[in-house]
Amino acid sequence: MHSRTFRICLLALVIVPFVLLSPRATAANYDLVIRNGTIYDGSGAAPFSGAVAISGDTIAAIGKLTDARGKTEIDARGLAVAPGFINMLSWANESLIQDGRSQSDIRQGVTLEVMGEGESMGPLSDAMKKEMAEQQGDIKFKIRWTTLGEYLDFLVQHGVSCNVASFVGATTVRIHEIGYADRPPTPEELERMKMLVRRAMEEGALGVGSALIYAPAFYAKTEELIALAKVASEYGGMYISHIRSEGTRLLEAADELITISREATIPAEFYHLKAAGQSNWNKLDALIQKIETARAAGLRITADMYTYTAGQTGLDAAMPPWVQEGGYKAWAERLKDPAVRERVKREMDTPTDKWENFFIASGSPDKILLIGFRNEKLKPLTGKTLAEIAKLRGTSPEETAMDLVIEDGSRVSTVYFLMSEDNLRKELALPWVSFGSDAESLAPEGVFLRSNPHPRACGNFARLLGQYVRAERIVPLEEAIRRLSSLPAGNLKLDRRGALKPGYFADVVVFDPAKIQDHATYEKPHQYATGMVHVFVNGVQVLENGQHTGAKPGRVVRGPGWKKVK
């Protein structure tokens with residue numbers, strides 16, 4: 001080889017690696033780089049300083065990334081950067097139709113709403129659609145879907161800022177085939193119910209959800225639930241339940257969930273873990289022990305919770321299930337019968353282990369708060385206790401409750417003060433417990449101001465991070481974030497959600513751990529949480545410097561059954 005040619009080749013061997021390795025030459029271009037933040041990757045591991053780079057809808061890189069360049073860059077110095085939070089129990093079914101911005105939850109960092117506690121927005125029969133339309137309250141909408149999958153697609157086409165997912169409701173498939181009757185399904189009806197679950201799983205349902213204290217779900221036997229759960233199990237789904245009793249028969253109800261998990265070979269989760277009613281508060285330790293024994297035996301049993309000592313449901317939880325057979329219209333008609341009223345009043349006042357009696361569990365009528373009415377004439381009563389309304393009317397609290405159900409044309413949205421703060425703290429410390437608001441996602445404006453939400457609608461997740469992580473230090477921040485993200489994502493077997501990892505969907509939140517705080521109270525529940533700075537859903541910014549951008553990049557997040565059949 002000519003000596004000059006040899007020198008050129010040798011020089012190239014030296015220069016080319018230098019060019020390839022030089023910081024400027026290797027700098028990647030991303031759509032977004034979030035720099036200088038304290039990164040909590042969702043695993044529960046200690047946080048680290050660095051940057052997160054996003055390309056399109058995907059996390060592209062994490063680390064120092066000193067030479068990376070983004071079309072948009074955010075300085076997150078002094079802020080926490082974490083995976084988007086998962087709301088394991090959302091009732092945003094209708095509120096997202098009204099306002100797809102999901103304001104109250106986005107402002108707390110929730111990027112995925114998981115619905116389906118017993119009732120889901122599909123599958124619907126024509127009769128169910130008619131009833132749903134008749135029972136609509138302040139939020140009015142046309143029912144443009146039939147199956148659960150069609151509903152979720154409808155939401156995304158309508159436009160939502162958050163991702164959405166759902167269980168198929170055991171109550172819903174029961175009503176579809178049996179209506180509101182207190183009887184077991186025939187073999188043919190059960191087969192049709194199983195087929196409805198099968199279709200929902202293939203459309204992406206996360207599993208089967210039940211809520212067993214309410215009629216008509218109360219009428220379902222364990223064998224019926226096992227049969228439905230077995231179908232969900234075939235698709236890798238979960239059974240999740242508001243168990244048959246959280247009070248007088250708490251431990252027995254827990255046994256039922258564990259039995260269903262074992263017999264159906266399916267992971268199972270307790271909705272809103274609690275011991276309800278002061279006389280049952282001492283049962284929590286035994287419940288925790290029961291769950292941990294099942295887990296040690298190899299069952300995948302988990303739970304979720306909200307961060308308040310009061311629950312929200314309806315006045316149906318204060319009355320025996322037999323009076324509710326046949327649905328709302330039959331219930332209200334029965335309550336007009338003096339003999340029935342006398343029997344209902346007597347049973348409301350009598351301790352029992354036959355049904356979940358929140359009238360007794362709350363302790364007194366002044367711990368029962370009425371927060372949502374359909375009837376315009378009753379709306380001035382919003383925010384008053386049952387005791388206050390009874391005094392205004394000069395009737396007993398029991399009679400008042402029955403009258404309100406009749407007059408309002410609904411079960412009446414009700415808050416019951418049931419739990420102990422000490423137990424709440426004990427539940428917060430459990431490593432297998434995730435979090436759900438058990439509430440809608442709303443805005444303090446327009447139609448939403450016509451009723452009061454439970455404060456958990458605006459404060460559940462911020463309260464965890466502000467009160468119980470920062471102020472009381474019950475769990476470290478990295479552990480709380482794990483239980484808001486990768487724990488529920490893993491339980492639900494979600495595809496590339498719940499962690500800050502390259503290749504995962506870019507659901508990312510940036511917040512100030514020193515400032516994040518809830519502000520909603522029972523008296524003034526329409527108050528946003530503060531301290532969440534930026535939120536990204538599928539790589540699109542929906543919260544910027546604490547203000548909603550109006551973007552609606554939310555998608556349907558489907559369960560493992562959908563992936564199996566596609």
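Note that the structure is predicted; figures quoted are calculated from it, not measured.
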Here the gap from N491 atom CG to T302 atom OG1, rounded to the nearest 0.5 Å, amounts to 4.0 Å
Quick check on the 6.0 Å ring-centre criterion: do H242 and F270 meet it?
no
Test salt bridge (charged side-chain N to carboxylate O under 4.0 Å, His left out), reference R174, set E119, E189, E224, output is E224
In short, Q312 meets S413 closest at the heavy-atom pair NE2-OG, 2.9 Å
Steps toward salt bridge (charged side-chain N to carboxylate O under 4.0 Å, His left out) verdict (E203, R199): CA-CA 6 Å; E203 289 181 323; R199 177 169 182 181; 3.5 Å; yes
Would you indicate whether the side-chain heavy atoms of V168 and P123 approach each other to under 4.5 Å?
-> yes
Does any non-hydrogen side-chain atom of V537 lie less than 4.5 Å from one of N163? yes
| message | Can you confirm whether I243 sits close enough to L250 that some side-chain heavy atom of one is under 4.5 Å from a side-chain heavy atom of the other? | response | yes
Review point. Is any NZ, NE, NH1 or NH2 atom of the basic residue among E234 and R198 found under 4.0 Å from an Asp or Glu carboxylate oxygen of the other?
Key: yes
Whether S233 side chain and A229 backbone form a donor-acceptor pair below 3.5 Å:
no
- Go through the steps to decide whether E269 and R300 satisfy the test side-chain contact (heavy atoms from CB on, under 4.5 Å), and finish with yes or no. CA-CA 8 Å; E269 178 151 319; R300 291 183 57 188; over 6 Å; no
*Look only at the side chain of E113 and the backbone of C162, and say whether a donor-acceptor pair between them is shorter than 3.5 Å.*
no
* To do: Could you check if a side-chain atom of P502 sits within less than 4.5 angstrom of a side-chain atom of I62, using non-hydrogen atoms only?
  => yes
Margin query: Can a side-chain donor-acceptor contact be found between N423 and K426 if the only test is distance below 3.5 angstrom?
Written below: no
Check your understanding: Are the side chains of F448 and Q98 in touch, meaning some heavy atoms are under 4.5 Å apart?
Key -> yes
Donor-acceptor side-chain pairing of T313 and R411 below 3.5 angstrom = yes
Heavy-atom closest pair (G56 atom, D31 atom, distance to 0.1 Å) is N-OD2, 2.6 Å
Taking the basic N atoms (NZ, or NE/NH1/NH2) and the acidic carboxylate oxygens, is any pair closer than 4.0 Å for K194 and E191?
yes
Rounding to 0.5 Å, atoms CZ (R101) and OG (S95) come to a distance of 12.0 Å
**Request:** Name the orientation class of the two ring planes belonging to Y328 and W331 (parallel below 30°, tilted from 30 to 60°, perpendicular beyond 60°).
**Result:** perpendicular
Worksheet item: Any luck finding a side-chain donor-acceptor pair between Y180 and E325 under 3.5 Å?
Response: no
- Query: Should F435 and Y306 be marked as a side-chain contact (heavy atoms from CB on, under 4.5 Å) after you check the CA-CA gap, both sets of side-chain angles, and the distance that decides it?
  - Reply: CA-CA 6 Å; F435 299 92; Y306 47 78; over 6 Å; no
- Flag the pair V542 / P553 as yes when at least one side-chain heavy-atom distance between them is below 4.5 Å, and no otherwise. yes
Candidate pair V433 and L273, rule side-chain contact (heavy atoms from CB on, under 4.5 Å), full reasoning: CA-CA 8 Å; V433 173; L273 188 72; 4.2 Å; yes
Tightest non-hydrogen contact, residues S104 and E440, listed as OG-O, 4.1 Å
Cation-pi, Y308 ring and R463 (6.0 angstrom, 45 degrees): yes
Heavy-atom closest pair (L492 atom, P560 atom, distance to 0.1 Å) is O-CD, 3.9 Å
All heavy atoms of G84 vs all of T111, minimum pair found to be CA-OG1, 3.3 Å
side-chain contact (heavy atoms from CB on, under 4.5 Å) test vs W91 passes for just one of E117, M115, H454, namely E117
* Check: L212 main-chain N/O paired with S210 side-chain donor or acceptor under 3.5 Å -> no
Rounded to the nearest 0.5 Å, the CD1 atom of I266 sits from the CD1 atom of I260 at a distance of 9.5 Å
Interatomic distance, CD1@I86 vs CG@D304, rounded to 0.5 Å, equals 11.5 Å
Hey, does the side chain of Q108 reach the backbone of F461 with a donor-acceptor pair shorter than 3.5 angstrom?
yes
On a heavy-atom basis, the closest approach of I371 and P453 is CD1-C, 3.9 Å
One should read off an interatomic distance between C458 SG and R107 CZ, to the nearest 0.5 angstrom, of 9.5 Å
* Taking everything shown except K501 itself, do over 12 heavy atoms lie less than 6.0 Å from its NZ? -> no
For the residue pair R497 and F505, would you count it as a cation-pi contact if the rule is NZ or CZ under 6.0 angstrom from the ring centre and within 45 degrees of the ring axis?
yes
Would you call L494 and L206 a side-chain contact if the rule is heavy atoms closer than 4.5 Å?
yes
Worked check of salt bridge (charged side-chain N to carboxylate O under 4.0 Å, His left out) between R192 and E188:
CA-CA 6 Å; R192 291 199 296 270; E188 295 77 18; over 6 Å; no
Ion pair K274/E427, N-O distance below 4.0 Å: no
Could you please spell out the steps behind the side-chain contact (heavy atoms from CB on, under 4.5 Å) verdict for V208 and F167? CA-CA 5 Å; V208 173; F167 289 86; 5.8 Å; no
When rounded to the nearest 0.5 Å, the distance separating OG of S437 from CZ of F85 is 13.5 Å
Q. Just checking, any donor-acceptor pair under 3.5 angstrom between side chains of Q289 and T293?
A. yes
Exercise. Output yes when D495 and R558 qualify as a salt bridge under the 4.0 Å nitrogen-oxygen rule, no when they do not.
Key: no
If we ignore hydrogens and angles and just use 3.5 Å, is the side chain of S102 paired with the main-chain N or O of S161 as donor and acceptor? no
Under a 3.5 Å distance rule, please check whether K290 uses its side chain to pair with a backbone N or O of A254 as donor and acceptor.
no
Would D438 and R456 pass as an ion pair if we require N to O under 4.0 Å? yes
Q.
Do Y151 and I97 have side chains that approach each other closer than 4.5 Å (heavy atoms only, starting at C-beta)?
A. yes
Checklist entry - Is D138 salt-bridged to R374, cutoff N-O under 4.0 Å? => result no
